[in-house]
Amino acid sequence: MPDTPEKPTVRDVLAAAVSAVGGSERPGQVRMAEAVTAAMESGQHLLVQAGTGTGKSLGYLVPALLHHQRVVVATATLALQHQLVERDIPALVEAADEVLHEKATFAVLKGRSNYACLHRVREGVPDDQGTLVDLPTGSIGAEVVALREWIEDEAKEGGTGEKDNAPRHTDQVWRQVSVSARECVGAAKCAYGVECFAERAKEKAANSQLVVTNHSLLAIDAIEGIPMIPEYDVVVIDEAHELTSRVTQAATDELSPNDVERTARRSQRHVDGDEADALADAAEALRDAVDTTPGGRLETVPVAISDALELVRDAARALITAFPKAAPGAEADAGATQARGWTQELFATAERMAADSEYDVLWISEREARHGGNRLCVAPLNVAGQMREKLLVDKTVVFTSATLMLGGDFSVVAGSVGLDREAEGGSWQGIDVGSPFDYGQQSILYVAKHLPQPGRDGLQKVQLDEIVDLIDAADGRTLGLFSSRRAAEAAAEEVRTRLPHLTTLCQGDAQLPELTKQFLGDPHTNLFGTLSLWQGLDVPGETCQLVLIDRIPFPRPDDPLMSARAQAADKAGGNGFMSVSGTHAALLLAQGAGRLIRTTSDKGVVAILDPRLVTARYGSFLKASLPPMWMTTDPEVVRKALTRLSGR
């Protein structure tokens with residue numbers, strides 16, 4: 001009897017996949033793949049810190065493909081999702097086919113509003129009275145026509161109808177061809193249910209071994225209990241340092257008088273009684289309340305706000321029951337279905353806000369009238385408990401990122417995602433598989449100890465002088481990460497004036513992809529910006545040899561959610577400043593510093609113009625969160641190093 005061939009190991013498949021993408025074996029990647037495999041088999045949660053250049057996506061995709069049940073991969077950014085779906089997974093599927101002799105299956109799953117809606121495209125969009133109209137007028141109408149043509153082509157050719165694959169468009173235009181989950185008339189009642197892009201995506205996911213989605217959809221499915229993803233055994237959360245903020249965003253609701261008024265108007269023609277009028281009256285009561293209450297966190301809810309919320313809640317509840325029920329077998333009235341969906345959403349939000357739960361934070365966000373005016377916002381005080389109960393109990397979870405160890409260990413991040421900080425080795429395990437980069441040889445951490453502590457009035461002259469001196473030494477090649485748009489613009493103006501031979505770009509001058517392309521194209525260019533540049537920007541090579549950070553990125557003291565969380569930590573006997581502001585700053589600093597070294601040949605300087613990194617007690621915690629760069633506080637040493645790197 002012939003010997004049965006041994007089943008290929010995770011190392012065999014990983015080697016084939018690495019070869020398929022033209023790579024070479026990396027010890028950290030192999031270690032990660034074996035640790036992820038062990039976690040999937042044992043059911044123990046795992047945190048894996050994998051530095052840039054480790055190849056972490058294949059480090060978890062290979063074990064996911066070999067796992068005996070469906071695995072979900074959740075990312076925070078579209079850029080990583082595209083990388084997985086367009087490059088890494090197809091290469092892995094081909095390589096696995098050669099080794100395993102079977103074709104693996106995978107699918108991408110997004111929220112319903114990310115797919116074009118054929119019903120809306122073919123039947124029209126509800127106007128403010130809820131009547132279905134064909135097209136908006138003007139330039140928006142022309143854009144919608146172009147988008148509709150693309151959607152019909154997608155339907156004919158069996159395409160996905162995804163927003164990210166569509167011709168260039170604005171969010172406003174996309175809303176003309178898509179619906180939210182609440183607005184959907186339902187596949188069973190929809191004349192185009194068989195062709196529906198969103199339903200096809202769900203069907204494909206239900207028949208796939210590997211499903212790629214995003215943090216928000218995962219949160220809606222697991223934490224809010226709204227079924228969006230087919231049953232799965234394991235979830236790998238990439239970019240896990242972003243998870244708590246994405247889950248918080250998904251669980252944040254807003255309510256404005258304009259929203260209430262619009263819902264009343266759109267419901268008017270679908271109900272016979274005066275319920276829509278009652279909701280319109282409640283909108284006016286809410287407007288009076290939010291316009292006369294100071295902005296910011298509402299630690300104690302004012303009576304006017306509380307009364308207005310109860311009016312909106314009760315009026316919305318009455319309006320929901322007033323919508324006529326569709327006759328059995330009849331096609332759904334899209335206008336009525338969507339108006340009812342808006343009303344249900346309004347009711348759920350008003351009810352949540354009116355409950356004034358100790359587990360929620362309520363605040364007024366002040367906005368100009370042209371941006372919709374003031375609105376109420378509510379967000380969970382903490383998401384760790386929900387994640388523990390709704391996700392960690394039933395599933396095996398692998399968390400991975402280049403930034404999971406804050407202050408030198410995993411406990412801070414572990415606690416934030418719902419794992420017991422003290423239970424490592426029991427309910428969870430944390431490993432750092434390192435990085436292929438030699439940070440001590442490739443990079444310098446410069447802390448401008450001689451500068452004054454940053455103030456609230458923006459950049460001072462001495463800080464602007466320091467910025468100009470450093471950029472002059474680097475001959476451009478600078479990514480400037482600033483704590484505010486005002487600081488970025490002030491620095492850009494100063495550098496343009498004093499170093500006119502260099503090109504200095506500032507976020508807002510053009511779309512970010514265009515700015516990034518320009519920055520990559522010429523080393524004598526600087527790119528300044530705020531938060532969205534701190535994470536995810538990949539600029540390898542001599543284009544970026546200086547990453548400049550103006551100050552430690554603590555959250556604003558008046559941030560309603562952050563201040564509430566810090567206060568709660570203090571009440572529980574902890575250190576609110578360190579557990580909230582300190583960890584927030586450590587995470588962003590690590591992400592910002594991570595923009596410098598992207599390949600084994602990159603060299604450069606991370607310059608932090610905030611002396612508190614070396615003078616304050618919390619400085620050691622922040623430094624321990626950064627890559628292990630060689631550090632100095634001597635400006636002359638750094639200027640000489642930058643001059644040498646620039647080749648002058």
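In this chain, residues are counted from 1 in sequence order. Here the structure is a predicted model, which is why all the values come from computation and not from measurement.
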So does Val71 get a backbone contact from the side chain of Gln209, meaning a donor-acceptor N/O pair under 3.5 Å? no
Can you tell me how far apart OH (Tyr232) and CG (Leu210) are? Round to the nearest 0.5 Å. 13.5 Å
Closest heavy-atom pair and its distance - Leu109, Met228: CD2-O, 3.2 Å
Would you say the side chains of Glu239 and Thr77 form a donor-acceptor pair under 3.5 Å? yes
Taking Arg598 for its side chain and Gly594 for its backbone only, find out whether a donor-acceptor pair lies under 3.5 Å. yes
Can you tell me how far apart CZ (Arg595) and CG (Leu527) are? Round to the nearest 0.5 Å. 12.5 Å
What do you reckon, is CD of Gln69 surrounded by more than 12 foreign heavy atoms closer than 6.0 Å? yes
Between the main-chain N or O of Leu346 and the side-chain N or O of Thr349, is there a donor-acceptor pair closer than 3.5 Å? no
Full working for side chain to side chain contact (heavy atoms under 4.5 Å, CB included) between Gln176 and His169: CA-CA 11 Å; Gln176 299 291 320; His169 59 273; over 6 Å; no
For Trp342, is the NZ or CZ atom of Arg266 found under 6.0 angstrom from the centre of its six-membered ring and inside 45 degrees of the ring axis? yes
So, Thr400 side chain and Val48 main chain: donor-acceptor pair closer than 3.5 Å or not? yes
With a 4.5 Å limit on heavy-atom distance, are the side chains of Leu243 and Phe399 in contact? yes
Report yes if some heavy atom in the side chain of His215 is under 4.5 Å from a heavy atom in the side chain of Val247; otherwise report no. no
Any donor and acceptor pair, going by atom type alone, linking the side chain of His270 with main-chain N or O of Ala339 inside 3.5 Å? no
Please evaluate residues Asn207 and Thr105 with respect to the criterion side chain to side chain contact (heavy atoms under 4.5 Å, CB included), reporting the C-alpha separation (whole Å), side-chain torsions for both, the decisive distance (0.1 Å), and the verdict. CA-CA 8 Å; Asn207 293 309; Thr105 53; over 6 Å; no
So does Glu231 pair up with Lys395, basic N to acidic O under 4.0 Å? yes
Taking Asp171 first and then Lys163, would you say they form a salt bridge - that is, a charged N and a carboxylate O separated by under 4.0 Å? yes
I'd like to know if Glu275 pairs up with Arg317 as an ion pair, taking the criterion as any Lys NZ or Arg NE/NH1/NH2 lying under 4.0 Å from an Asp or Glu carboxylate oxygen. no
Can you name the closest pair of heavy atoms from Val290 and Pro257 and give their distance? CG2-CG, 3.9 Å
Would you sort out whether Lys517 and Glu514 count as a salt bridge (Lys or Arg N to Asp or Glu O under 4.0 Å), showing the intermediate values? CA-CA 5 Å; Lys517 184 179 178 182; Glu514 188 181 330; over 6 Å; no
Verify side chain to side chain contact (heavy atoms under 4.5 Å, CB included) between Asp233 and Arg70, making sure each step is shown before the conclusion. CA-CA 6 Å; Asp233 181 50; Arg70 182 180 295 112; over 6 Å; no
Non-hydrogen atoms of Met353 and Asp253 that approach each other most closely: CE-O, 3.8 Å
I'd like to know if the side chain of Asp394 and the backbone of Lys390 have a donor-acceptor N/O pair within less than 3.5 Å. no
Hey, mind stepping through Asp164 and Lys110 against side chain to side chain contact (heavy atoms under 4.5 Å, CB included) and telling me if it holds? CA-CA 11 Å; Asp164 300 322; Lys110 302 175 182 178; 2.6 Å; yes
Please say whether more than 12 non-hydrogen atoms of neighbouring residues, nucleotides or ligands are located less than 6.0 Å from NZ in Lys103. yes
When rounded to the nearest 0.5 angstrom, what is the spacing between CZ in Arg112 and OG in Ser180? 9.5 Å
Is the side chain of Asn374 donor-acceptor paired with the backbone N or O of Arg367 at a distance under 3.5 Å, no angle test? yes
Of all the heavy-atom pairs spanning Val36 and Pro63, show the shortest one and how long it is. CG1-CB, 3.8 Å
Judged by atom type as modelled, is there a donor-acceptor pair below 3.5 Å linking the side chain of Glu154 to the main-chain atoms of Gly159? no
Is the shortest side-chain heavy-atom distance between Phe106 and Leu92 below 4.5 Å? no
Can you confirm whether more than 12 heavy atoms, excluding those of Asp272, are under 6.0 Å from its CG atom? no
Determine yes or no for a side-chain-to-main-chain donor-acceptor pair under 3.5 angstrom, with Asp360 supplying the side chain and Ser357 the backbone. no
Could you pull out the closest heavy-atom pair between Tyr115 and Val108, with the gap in Å? OH-O, 3.7 Å
Would you say Leu319 and Val271 make side-chain contact, with heavy atoms under 4.5 Å? yes
Do the side-chain N and O atoms of Thr530 and Gln507 include a donor-acceptor pair separated by under 3.5 angstrom? yes
Under 4.5 Å between any side-chain heavy atoms of Ile229 and Leu218, yes or no? yes
Please answer whether the main-chain N or O of Asp259 pairs with a side-chain N or O of Ser256 as donor and acceptor at a distance below 3.5 Å. yes
Please tell me if the side chains of Gln386 and Leu391 come closer than 4.5 Å, counting only heavy atoms from C-beta onward. no
Salt-bridge test for Arg200 and Glu203: reply yes if a basic N is under 4.0 Å from a carboxylate O, no otherwise. no
Spatial distance of atom CG (Asp314) from atom CD (Glu351) [nearest 0.5 Å]: 9.5 Å
Give, for atom CG of Leu481 and atom CD of Gln591, the distance between the pair rounded to the nearest 0.5 Å. 11.0 Å
Are the side chains of Arg175 and Gln172 in contact, using a 4.5 Å heavy-atom criterion? yes
Side-chain touch Ile364/Leu376, heavy atoms, less than 4.5 angstrom: yes
What distance do Tyr192 atom OH and Arg120 atom CZ have between them, rounded to the nearest 0.5 Å? 14.0 Å
